[in-house]
Amino acid sequence: MICFAKRGFEEFAENIREIERKWQKEWKEKKVFEADPRPDKPGFLFTIPYPYTSGPLHIGHGRTYAVGDVFARYFRMKGYNVLFPMAFHITGTPIEAISAKIRRNDPKTWELYKSYVSLYVEDPKEVERIVSKFVEPMEVAKFFSSVISRDFDALGCSIDWRRKFTTGDPEYNAFVSWQFLKLREKGYITQGTYPLLFCPAEGQAVGEDDIMGGDEIAAEVQEFIGIKFRTKDGKVLLASTLRPETIFGVTNVWVHPEGSYVELSLKGERWIVSERAAEKLKLQGWEFEVVRKFKGRELVGLKVKAPNGSEVPVLPALFVDVNNATGIVYSVPAHAPFDYAALMDVKREPEKFGVPRELVETIEPIHIIDVPKYGEFPAKEAVEKRGIRSQEELSKLEEATKEIYKAEFYGGVLVVGPFAGTKISEVKEKVVSWLMKRKDAVPVYEVTAKRLPVRCRCGAEVLVAVLPDQWFLDFNAPGWKEKARKALNRMEIVPEIYRRLFEDTIEWLDKRPCARKRGIGTRLPFDPEWIIESLSDSTIYMAFYTVIHHIRRLKLSKEALKPEFWDYVFLGKGDPEQLSKNIGISAEDLRKMREEFLYWYPLDQRHTMIAHITNHLSFSIFHHVAIFEERHWPRRFTLNEPVIREGVKMSKSKGNVIPLVEVPRHYSADWFRLYMVSAADLSTVLDWREAGVRTVGNSLRRFYELVDQILSKSETSSSEENGILERWIASRMNSAVKEVDEMFSSFRPRDAAIRGFFIALRDMETYIRYGGGNFRLLRDLLDKWIRILAPVIPHLAEEIWHRLGHKDFVSLAPWPEVDEKAIDPEIEIAYQVVEDTIEDANNVLKVLKEKPETLKIIVAPEWKYQVMEDLKQLKPPIDVKDAMSIARNFLKEKGKEARDLVMEFVKAQGAWKNAGREMEMHMLEALRQMIAEKTGVRTVIIERAESTKEERASRALPGKPALVFA
RNA sequence: GGGCCCGUAGCUCAGCAUGGUAGAGCGCCGGGCUUUUAAGCAGUUAUCACGAGGAUACCCGGAAGUCGCGGGUUCGAAUCCCGCCGGGCCCGCCA
């Protein structure tokens, strides 16, 4: 046996790493976590989302997997047949994008991926060779899924690996195909137009990673409303706006006099827009011919009719940007600072703009919105407040626009037109649908970003394209949300504070594109040009875990995995005999799969990080309720917050990410797990602090040394069989079993780790240090202790379990029985009285000038304990009168001393605790040495109030003895 | 920009539904020491051990906050109301 006490910490760490590897190997060889249905135990399907295999995992992921595994292991010990499967996500665009970059020798990607691979592979040549294989997307997925699965093992995750798959496997494709056929059958899938960022040069949609400047510039699609202003001869000036409700205050239309405009011939209409806008509209799905090209000034003076009936002139303005939207805007000078400034310019000097004076003379702002704290024309106020003199003071005008927009959006009410009386914040949608219904408006999309123009990494400018036939999941389809709400209401959300976010997510989810034209994935069965998007193909796969190992065992091909197959296995539809003939699987095997699904489903618990609430987890609820019977809806989601490092968010750019693979090298699995679980509640951000990590490592070492000591002396008993300290430690350990059980079952793993590990460790050390020598007893208690710790530190627990002589696995051992007879609340209170007494004594010592030699502890007289006992019948809120009346006999006899005692009890509202006089006396005696040490006093004397001459004795209370220093 | 959450000690968080003395853990500082140890010795003793000094764990104690800012309600606001500022998650052909 190795005695760690004599060696350094690093040696200890290396030793537990060795122990961990040993048990990981053993678990794997003995198939400890391979779970099959069994009649004698309830099944418990526990999942954590599979990782995406585009790179290494870090300790933030590690938290989720560690905490999740603690839950899985706890329920396994509580008598559930726990299945914890795992798979790998490879569908989606990033992996393919990585391969593309490796293929075109992008240096940054090469460096990044070499650094990733080096985490796992030492030889630089080998690293180079592996990365060069990444030109194939499947190689990226294969490499990372293989190393990540080793990370899971190295963390001690109790996974059944027989059910492993990747989302690119043909069996999975067949399953997802079925899923989407079902969704379509239910009417939850619709098709429609969808605007997205697009690179015309590459002919492809672009995501953040494809854009120059990436996430910093935050490129987005912005929807303008193109409003039609008609000329007498039937042409349309398409003026774009973000505030269509202002149409009721239109006074004129603006074009840039020098801007280049075109006339387009569409089906049945002629539109005028800027030349640049024509290109954009083409991408947005409009079909037209360019009829002619001309300068904006040609339009000036033209009269056009607005949808609200007003006839207004076209005027020139320099602030109009032909590169933005349609290059034509309409003017609302009462509520738009730019329009106001431009109108004033042109009214002041019509000649300069080449406009006849009489055309502009009569144009005045039209008030249409009431805004608190503003008069008739808010735009005028905002412009004048800033001393703006011309439309060319762009930055001031932008500031003014922001001010007015905000004020009107939050406080404004429309006061004219068919929507008079509606708040601005609510009116936009109504106006848009009104305009569209009358064919007076069309949507016009534009790219917006912090920095324009937005460029693709290939160099071309990113524009908005509109896909005409995009497939959507329509979360607002009749009945779907009702079911989702119903499912959520029945579910357990842990911590409960996150439920609100789920509820809100269900509310605002609308249509969501569910297929793309790039990336790895499953083709839409009813439109194979499209590939099912990766958040949609990962919503009900927990069901797939229940049968995938059978599918592989039976070598079922795509032909066998028809919709009817899944219909039977997951929904119980159809007749196995009939189906058997149809698809060539034996009826017996079909039944077996159906039974296995029924054994494991519903999903008992899914654990993940909070970022998944508003997407993955909510989708999972929606897809489940869409497809499965009610009895198979998910039961519980548990969540944890992320991990930061030394107070700072971990990120690639900061270079402060700790990869998960470092854990078994620099720390250890159990060490990591104990830290992850004990350092923060689920609902708390975990701050990874190296100092704290070290402290936990040291505690682990203390623990292991203590266990060594117990095991090496377990045949000896130098103290009483059943002395007070023995009864105390036995009580404490049994209480721990009970409390930790309660903490785990209410998903408070942190409390469980603190109570079960740190506090129990302290108790054990205290027992040994202050006179307790019954190691035979400790060994028995260790048998329980190690089991309540097994979920958190499974490897050390397994090692100790075997050193205790067990031949089976603690990972599969039952949760320990609580010996209720051993639990003695009074004895635990008595110990608390000793600790409190030490604290009191130290507080007194602080103010004493000279250091005393002796401490006399005087325990209250018996009658006081009697009073407290009598008062216990009172329940809070406790009234002074009632208390006094109960104690009246003593009040008469003892006077003030009794009154003080009653008042203390009333003040504590019944929370005053004591252990009874004899018990307190006894415990104080037993721990006299501890008291002396912790107070630094040489002699400690314990006395009864009845047999002392000390005046202070009158102050002694039950549970709070009087202290006399000398 | 929108939805939700949050802002209290250096860090992570309690306290806020019901207004009345601002808290915990970790870290930091000081002290103690029954533990342990790297390096090392002019000494005593001699394979051990003792000693000063340092470090770890442990024990005891301490410092540290205008409760994000500004208004309001109130005798009294971290807590209730309004406004601002700052942060997080989500709103990606990211997962």
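All chains are named by letter (A, B, ...) in the order of the sequence lines, taking the proteins before the strands, and each is independently numbered beginning at 1.
At least one side-chain nitrogen or oxygen of R500(A) sits closer than 4.0 Å to the OP1 or OP2 atom of rC5(B). Look at T91(A) and you won't find any side-chain N or O under 4.0 angstrom from OP1 or OP2 of rA95(B). The shortest distance between the side-chain N/O atoms of R701(A) and the OP1/OP2 oxygens of rA57(B) is not below 4.0 Å. A sub-4.0 Å separation between OP1 or OP2 of rA95(B) and a side-chain N or O of S534(A) is present.
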Report summary line: Protein-proximity profile, nucleotides 78-89 of chain B, B/S/- by nucleotide at the 4.0 Å heavy-atom cutoff, equals -----------S
Report task. Treat primed atoms plus P, OP1 and OP2 as sugar-phosphate and everything else as base, then score nucleotides 6-12 of chain B 5' to 3': B for base contact with protein heavy atoms under 4.0 Å, S for sugar-phosphate contact only, - for none. Result -> -----SS
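In this model, no donor atom of one side chain and acceptor atom of the other lie less than 3.5 Å apart for Q709(A) and E705(A).
The residues E245(A) and K430(A) are annotated as not salt-bridged, no charged nitrogen and carboxylate oxygen being separated by less than 4.0 angstrom.
Of all nucleotides present, only rG31(B) satisfies the Watson-Crick or G-U wobble test against rC59(B), with each distance under 3.5 Å.
A heavy-atom distance below 4.0 Å to RNA chain B is reached by these residues of residues 510-519 of chain A, ordered by number: R516(A), K517(A), R518(A).
Spacing of P atoms, rC16(B) relative to rG32(B), comes out at 41 Å, to the nearest Å. Spacing between rA63(B) and rC4(B) at atom P, rounded to whole Å, works out to 43 Å.
Contact annotation for Y675(A): no contact, since no heavy-atom pair falls under 4.0 Å across all strands.
Only one option out of V67(A), L501(A), L682(A), L617(A) pairs with L639(A) in a side-chain contact (heavy atoms from CB on, under 4.5 Å); it is L617(A).
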